[in-house]
> 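Please read through the structure below; I'll follow up with questions.
Values below: every heavy atom of this structure, side chains too, minus hydrogens, waters and symmetry copies.
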Amino acid sequence: MKITHFFFAFLFLNFTTEAFSQEKPLKIIMIGAHPDDCDIKGGGTAALFVQMGHQVKFVSVTNGDAGHMKEGGGMLAKRRMAEAKEAGRRLGVTYDVLDHHDGELLATLPIRLEIIRLIRDWDADVVISHRSNDYHPDHRYTAILVQDAAYMVGVPNIAPDTPPLRKNPVFLYFQDNFQKPYPFKADIAVDITAVLDKKIDAMDAHESQFYEWLPWIGNYAAEIPTDKGERKAWLKSKRTAAPNAAVHQALKTWYGESKALQAKYAEAFEICEYGSQPSKEEIKRLFPMIQ
């Protein structure tokens, strides 16, 4: 009897020790300029993080109040806020929309402090945003705001009302196709094939953008199906593509050649030199879906 009690006590102690030794969930924050940017650039990766029990926050630095051909101002901002919240619900992420006018964003000190506080409050392990060479001024200034926060998140006398981070996060850039002054470098690639439909479902929540505004400004509004099911299938066909050569090479680096060949869809990220510089082992820890 005593041996049996000892055996079960040993098992319980071993189990609880293992449970408490597990790392806490990773905290990822993606910061876009508009209330659909994170969904487009990182929705698949976010879905994978959430499936694995980690925590993701999307932030839109502007409220999107200029992104429509018929609506605008406060009413559009409210609509886009509701769309963002619904997209967040579908993905399982927290979605914050800041109250700065769409198309008028500048890299000012007050907004920089706002970004610093958001990153600190989230206790971020990874921060992902735009590169600073981009067609849209809001994208460019969001990139500058996040870059300017990269060092300052650890400085106690900057935004002293929020505790500084004791470890600088890894800062990454979303993928883009711009070539000057230098093209995007795919340092990390994530196979999102298994969650592509979840990403498309989140994007589908932004109805004002993918079915109204962007087709209008891009002169392809006539393509939009009226049926909701057909519309989502159209969105998937319009917004997906196979990994390019650079991203495929990154997939091979992280997954091996066999698995890389099976990856029909991927999201890629470039390491920003202003934050922590991760080793290969650290990248695998921060992106546990890469196996």
> Apply salt bridge (charged side-chain N to carboxylate O under 4.0 Å, His left out) to residues Arg231 and Glu207 and explain how you reach the verdict.
CA-CA 10 Å; Arg231 200 168 63 172; Glu207 294 185 359; 3.4 Å; yes
> Examine distances only and state if a side-chain atom of Glu86 and a backbone atom of Ala205 form a donor-acceptor pair shorter than 3.5 Å.
no
> For atom NZ of Lys167, decide whether the heavy atoms of other residues, nucleotides or ligands shown that lie under 6.0 angstrom number more than 12.
yes
> Should we count NE2 of His136 as having more than 12 external heavy atoms under 6.0 Å?
yes
> Looking only at heavy atoms, which two atoms of Pro25 and Asp125 are closest? And how far apart?
O-OD2, 4.3 Å
> Any chain of hydrophobic side-chain contacts (each under 4.5 Å) joining Ile116 to Val61?
yes
> Does a side-chain heavy-atom distance below 4.5 Å link His139 with Asp37?
yes
> Taking side-chain contact (heavy atoms from CB on, under 4.5 Å) as the test, write out the residues that go with Lys232, two or more places apart.
Ile200, Asp201, Asp204, Tyr211
> OG1/Thr94 to CZ/Phe58 distance, rounded to the nearest 0.5 angstrom?
10.0 Å
> According to the side-chain hydrogen bond (donor to acceptor under 3.5 Å, both in side chains) rule, which pairs have a member within residues 247-263, sequence neighbours left out?
none
> Would the distance check show the side chain of Thr193 and the main-chain N or O of Lys264 forming a donor-acceptor pair, the cut-off being under 3.5 Å?
yes
> Does some side-chain heavy atom of Asn244 sit less than 4.5 Å from a side-chain heavy atom of Val247?
yes
> Check whether the side chains of Gln209 and His34 place a donor and an acceptor atom closer than 3.5 Å, and report yes or no.
no
> Any link between Ile283 and Val126 through a network of hydrophobic side chains (Ile, Leu, Val, Met, Phe, Trp, Tyr) touching at under 4.5 Å?
yes
> Report yes or no: does Asp65 contribute a side-chain atom to a donor-acceptor pair with the main-chain N or O of Asp102 at less than 3.5 Å?
yes
> Of the non-hydrogen atoms in Arg239 and Tyr220, which two are nearest, and what is the gap between them?
NH2-OH, 4.4 Å
> Distance check, rounded to the nearest 0.5 Å: Lys57 atom NZ versus Ile119 atom CD1?
11.5 Å
> How close do Val93 and Val50 get, counting heavy atoms only, and between which atoms?
CG1-CG2, 3.9 Å
> Side chains of Arg80 and Val97: closer than 4.5 Å at any heavy-atom pair?
no
> More than 12 heavy atoms of other residues, nucleotides or ligands under 6.0 Å from NZ of Lys85: is that the case?
yes
> To the nearest 0.5 Å, what is the distance between CZ (Phe174) and OG (Ser129)?
6.0 Å
> Could you work out the complete set of other residues in the hydrophobic cluster of Phe178, with links drawn between I, L, V, M, F, W and Y side chains under 4.5 Å apart?
Tyr135
> How many angstroms lie between CG in Asp96 and OG in Ser60, if you round to the nearest 0.5 Å?
10.0 Å
> I want to check something: taking the side chain as every heavy atom from C-beta on, are Leu145 and Leu105 in contact at a cut-off of under 4.5 Å?
yes
> How far apart are the C-alpha atoms of Tyr173 and Gln147, what are their side-chain angles, what is the distance that settles it, and do they pass the side-chain contact (heavy atoms from CB on, under 4.5 Å) test?
CA-CA 10 Å; Tyr173 298 124; Gln147 288 174 7; 2.9 Å; yes
> Taking all atoms of both residues into account, what is the closest heavy-atom pair of Gly32 and Cys38, and its distance?
N-SG, 3.4 Å
> Evaluate the side-chain contact (heavy atoms from CB on, under 4.5 Å) criterion for residues Lys238 and Leu214: first the C-alpha distance (whole Å), next the side-chain angles of each, then the deciding distance (0.1 Å), finally the verdict.
CA-CA 12 Å; Lys238 188 75 174 179; Leu214 293 173; over 6 Å; no
> With heavy-atom distances below 4.5 Å as the criterion, would you say the side chains of Leu118 and Trp122 are in contact?
no
> Would a distance-only check, ignoring hydrogens and angles, find a side-chain to backbone donor-acceptor pair under 3.5 Å from Gln277 to Cys272?
yes
> Would Asp39 and Arg90 pass as an ion pair if we require N to O under 4.0 Å?
no
> So, for Ala124 and Pro169, which heavy atoms are closest and what is the spacing to 0.1 Å?
O-CG, 3.3 Å
> Any chain of hydrophobic side-chain contacts (each under 4.5 Å) joining Val170 to Ile188?
yes
> Treating Ser132 as the side-chain partner and Ala143 as the backbone partner, does any N or O pair qualify as donor plus acceptor under 3.5 Å?
no
> Are any non-hydrogen side-chain atoms of Ile29 and Val59 less than 4.5 angstrom apart?
yes
> Using a distance-only test with no angle check, is there a side-chain donor-acceptor pair under 3.5 angstrom linking Ser208 and Glu71?
no
> If the condition is side-chain contact (heavy atoms from CB on, under 4.5 Å), which residues does Lys185 pass it with, not counting sequence neighbours?
Asp187, Glu270
> Between Leu91 and Phe269, is there shared hydrophobic-cluster membership here, with clusters defined by ILVMFWY side-chain heavy atoms closer than 4.5 Å?
yes
> Treating Glu230 as the side-chain partner and Pro225 as the backbone partner, does any N or O pair qualify as donor plus acceptor under 3.5 Å?
no
> Return the set of residues passing ring-ring contact (aromatic ring centres under 6.0 Å, His included) with Tyr141 (not counting sequence neighbours), or none when no residue passes.
none
> Testing the basics here: between Pro243 and Leu251, what is the closest heavy-atom pair and its distance to 0.1 Å?
CG-CD1, 4.0 Å
> Does CG belonging to Asn177 count more than 12 external heavy atoms closer than 6.0 Å?
no
> Any chance you could measure Leu286, atom CG, to His54, atom NE2, to the nearest 0.5 Å?
9.5 Å
> Other residues, nucleotides and ligands only: do more than 12 of their heavy atoms fall within 6.0 Å of CG on Asp99?
no
> Rounded to the nearest 0.5 Å, how far does CD1 of Ile28 lie from CZ of Phe49?
4.0 Å
> Quick one: does His130's side chain have a donor or acceptor within less than 3.5 Å of a partner on Thr142's backbone?
no
> Any heavy-atom pair between the side chains of Leu26 and Pro288 that's under 4.5 Å?
yes
> Which is it for Asp197 and Lys236 under the salt bridge (charged side-chain N to carboxylate O under 4.0 Å, His left out) test, yes or no, and what are the steps along the way?
CA-CA 8 Å; Asp197 287 341; Lys236 183 176 180 179; 2.8 Å; yes
> Please tell me whether Leu235 and Trp216 are part of a single hydrophobic cluster in this structure, the criterion being side-chain heavy atoms less than 4.5 Å apart.
yes
> With a 3.5 Å cut-off and sequence neighbours excluded, list the donor-acceptor pairs that the side chains of residues 149-157 form with protein atoms.
none

> Do Met203 and Ile40 come close enough that some side-chain heavy atom pair is under 4.5 Å?
yes
> Does CE belonging to Met69 count more than 12 external heavy atoms closer than 6.0 Å?
yes
> Arg285 vs Glu281, test: salt bridge (charged side-chain N to carboxylate O under 4.0 Å, His left out). Steps then yes/no.
CA-CA 6 Å; Arg285 184 185 74 82; Glu281 292 71 27; over 6 Å; no
> Working note: Lys41 + Asp176, criterion salt bridge (charged side-chain N to carboxylate O under 4.0 Å, His left out); need CA distance, chi angles, decisive distance, verdict.
CA-CA 9 Å; Lys41 298 290 190 177; Asp176 62 54; 6.0 Å; no
